[in-house]
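A short write-up of the structure that comes next.
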Amino acid sequence: MGDPATPPASELAAMAIIDGASLKHPFSDRVPVRSIVCRPDGGAGLAGNRVRAGGWVKTGREQGKGSFAFLEVNDGSCPANLQVIVDAGVEDLSTLVQTGTCVSVEGVLKVPPEGTKQKIELRVERVLHVGPTDPAKYPIPKTKLSLEFLRDHIHLRPRTNTISAVARIRNALAFATHSFFQEHGFLYVHTPIVTTSDCEGAGEMFQVTTLINEAEKLDKELIENPPPTEADIEAARLTVMQKGEVVAQLKAAKATRDDISAAVAGLKIAKEDLSRLEERAKLKPGIPKKDGKIDYAQDFFSRQAFLTVSGQLQVETYACAVTSVYTFGPTFRAEHSHTSRHLAEFWMVEPEIAFADLQDDMNCAEAYVKYMCQWLLDKCLDDMELMAKLYDKGCIDRLRMVSSTPFERISYTEAVRLLEEAVRGGKEFEKNVEWGIDLASEHERYLTEEIFKKPVIVYNYPKGIKAFYMRLNDDSKTVAAMDILVPKVGELIGGSQREERYEVIQQRIVEMGLPLEPYDWYLDLRRYGTVKHCGFGLGFERMILFATGIDNIRDVIPFPRYPGRADL
């Protein structure tokens, strides 16, 4: 047996002095800050190593009457900074200490004096690069800035602690998403961004068209080069007629072959000129119309096209062939909403499973949410600790609770009954509670935060408030739909067993007032080899809101798009 005081071999390995070269980024000559300060010993075991590090100065201050400077440098690899010490003899300190300055430095890692919070610091011997910043103009100073202010500086906000941490959390959740579905045998399918189907039937879609650009180009061209007049066309017709007569006369006179060929060539050119003039005369300024309506047959795709609101319908085609699939990509909604929960462009995770019903759907969705929560606890705890410090003290406990607690499952009817009981007990909601309503966020959060104090899955919703593709239950009043409700955000996931019966789904499309023709391909999945299947959609930004405790969805996506704003 070994000495009981000896640390485990893994810990010894992590704390051993490592050759500085082995810490380097694989595609750069620098050592990421994370490789230094995020070790179990805080980097102390690396003392004596010569390294190159780079990043942006968070704070800087001159000390010892200007003889040296302390810099807090961050490269975005982790929330922690690397303390860097530069002597005045190495570089001009006045430039280095400005917040926002980019530096690349080389030196030796040393253990700082006792009593300091840092476990390691970099003593600089050479400054390899300085990207200076004018402190009078730099819009991201070291003072505390509101997230709302940062939205006006979208290109610089990743340099802040919050936005860089959110970026790493978002990255971790995306990695977790792919890991979960790949581990469970799902195929990743890229669904189209340009679509001709409205999955939600809501009509709030961004249209994709080249008609406006083409009309503007034509209008400009017609001004610069006006269309031919009727007199121009008559003159061209006369020329064709005259040249035709010349050809006829030459043939009648039995002229030489060369003379006749030359006359025929002239006639051909005249006819082509006339044809061009007649075509050009048909050009009209503005967007092309037919029978008083926009003629989409003239558009790029020869029909109306939109930015997708969901990849679900398209990914179902693969579920009905390769059984377990998912899509993960941007979706769009032209909804004029300025709330903290809405974006015009957002990301959705949408799995579909063949040979599976609503129960399977709920099981998969619950497992996926738990997996993501545990992933953040395992891989992103330092960033989550920053979120707990700055925004939501309970965010880490919430992740732990969700990852380890079975979700409550109740029917919509039972949910309404519980909410009505709460109202009778004195609880006031802005929106009245009655069977048939689409539960509002206040209702969802009351169920999950107050009644059950954990995630809740509500299933079997009234058919009137759900989409046409959800499977009609035997009571003919409800559909096999489910929503996962979580603390902080309310609905996180919406899903259902899909309607696999051809006649039933055809009738549902008609009932919803939707045209059948655009969904004919979707009906083919039921005509030919239909199979029971299910799926759900998770709003990716809502998952980040839930995880971080940040209040506004515009702060958890790199480049938020909402009414009036589409910066960069």
Side-chain angles (χ1 to χ4, degrees), residues 146-148 200 202 204 333 335-343 346 362 365-366 369 387-388 391-399 401-402 405-467 470 475 477-479 481-496 536-539 541-556 562-563:
S146 72
L147 294 176
E148 188 175 14
E200 301 296 326
E204 295 165 335
R333 189 159 299 173
E335 188 176 357
H336 280 275
S337 174
H338 291 271
T339 74
S340 62
R341 291 288 184 270
H342 287 90
L343 288 168
F346 50 98
M362 292 190 282
E366 179 173 341
V369 172
M387 294 296 108
Y391 297 100
D392 185 349
K393 287 184 287 189
C395 65
I396 294 175
D397 289 339
R398 189 165 59 244
L399 290 178
M401 180 272 289
V402 172
T405 307
F407 293 8
E408 190 70 35
R409 300 186 184 191
I410 58 170
S411 69
Y412 169 89
T413 301
E414 175 67 8
V416 168
R417 187 187 67 76
L418 291 171
L419 291 168
E420 286 175 336
E421 274 185 17
V423 170
R424 285 194 292 272
K427 173 65 182 173
E428 293 183 3
F429 294 110
E430 287 184 20
K431 185 176 180 181
N432 288 338
V433 179
E434 60 180 350
W435 199 95
I437 66 160
D438 197 359
L439 296 180
S441 180
E442 59 176 338
H443 304 137
E444 294 167 342
R445 291 187 64 175
Y446 188 78
L447 287 166
T448 182
E449 293 173 10
E450 303 296 330
I451 295 180
F452 294 106
K453 295 181 169 51
K454 62 177 179 177
V456 179
I457 304 180
V458 179
Y459 59 90
N460 288 349
Y461 280 79
K463 69 175 184 178
I465 59 172
K466 289 296 182 181
M470 299 187 178
D475 61 10
K477 295 195 306 180
T478 62
V479 288
M482 67 91 182
D483 288 345
I484 292 187
L485 317 179
V486 294
K488 192 74 182 174
V489 298
E491 182 191 336
L492 180 64
I493 281 177
S496 71
F536 61 83
L538 172 133
E541 284 73 29
R542 289 200 172 193
M543 180 63 203
I544 303 170
L545 288 179
F546 163 73
T548 62
I550 287 175
D551 287 325
N552 199 308
I553 200 166
R554 298 170 185 177
D555 302 318
V556 297
Y562 47 96

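Keep in mind the model is a prediction, meaning the values are calculated, not measured. Counting begins at 1 with the first residue of the sequence.
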Q: Go through the steps to decide whether I550 and M387 satisfy the test side-chain contact (heavy atoms from CB on, under 4.5 Å), and finish with yes or no.
A: CA-CA 8 Å; I550 287 175; M387 294 296 108; 4.0 Å; yes
Distance check, rounded to the nearest 0.5 Å: [X] atom [atom1] versus [Y] atom [atom2]?
X: D475; Y: K463; atom1: CG; atom2: NZ; value: 9.0 Å
X: D555; Y: T548; atom1: CG; atom2: OG1; value: 9.0 Å
X: E449; Y: E444; atom1: CD; atom2: CD; value: 10.5 Å
X: F452; Y: I457; atom1: CZ; atom2: CD1; value: 12.0 Å
X: I484; Y: T448; atom1: CD1; atom2: OG1; value: 10.5 Å
X: N552; Y: L147; atom1: CG; atom2: CG; value: 8.0 Å

(Q) Per the side-chain hydrogen bond (donor to acceptor under 3.5 Å, both in side chains) rule, what does the pair list look like for residues 424-438, sequence neighbours excluded? (A)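 For residues 424-438: T413-W435.
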Q: Verify, without hydrogens or angle tests, whether Y412 (side chain) and M482 (backbone) share a donor-acceptor contact under 3.5 angstrom.
A: no
Q.
I'd like to know if the side chain of S411 reaches the main chain of Y459, judged simply by a donor and an acceptor atom lying under 3.5 Å from each other, with no hydrogens or angles considered.
A.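 Checking the backbone N and O of Y459 against the side chain of S411, no donor-acceptor pair under 3.5 Å is found.
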Q) Within a radius of less than 6.0 Å around NE2 of H338, do more than 12 heavy atoms belonging to other residues, nucleotides or ligands occur? A) yes
Q: Evaluate whether atom NZ of K477 has more than 12 neighbouring non-hydrogen atoms of other residues, nucleotides or ligands under 6.0 angstrom away.
A: no
Quick one, [X] and [Y] - any side-chain contact, counting heavy atoms below 4.5 Å?
X: P487; Y: F546; answer: yes
X: F346; Y: R333; answer: yes
X: R542; Y: R341; answer: yes
X: F536; Y: D483; answer: no
X: V486; Y: K488; answer: no

Write down the atom of [X], the atom of [Y], and the distance for their closest heavy-atom approach.
X: I465; Y: G436; value: CG2-O, 3.3 Å
X: M470; Y: K466; value: SD-CB, 3.5 Å
X: P563; Y: S337; value: CD-O, 3.5 Å

Q | Candidate list L439, L419, L418, test side-chain contact (heavy atoms from CB on, under 4.5 Å), partner V433, passing option | A |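 Only one option passes, and that is L419.
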Q | Among E366, R398, M401, the one residue meeting side-chain contact (heavy atoms from CB on, under 4.5 Å) with P455 | A | M401
Q | With F429 via ring pair (Phe, Tyr, Trp, His ring centres under 6.0 Å) - residues at least two apart | A | H443, Y446
Q: Please determine if E420 and R417 form a salt bridge, counting it only when a charged side-chain N lies under 4.0 Å from a carboxylate O.
A: no
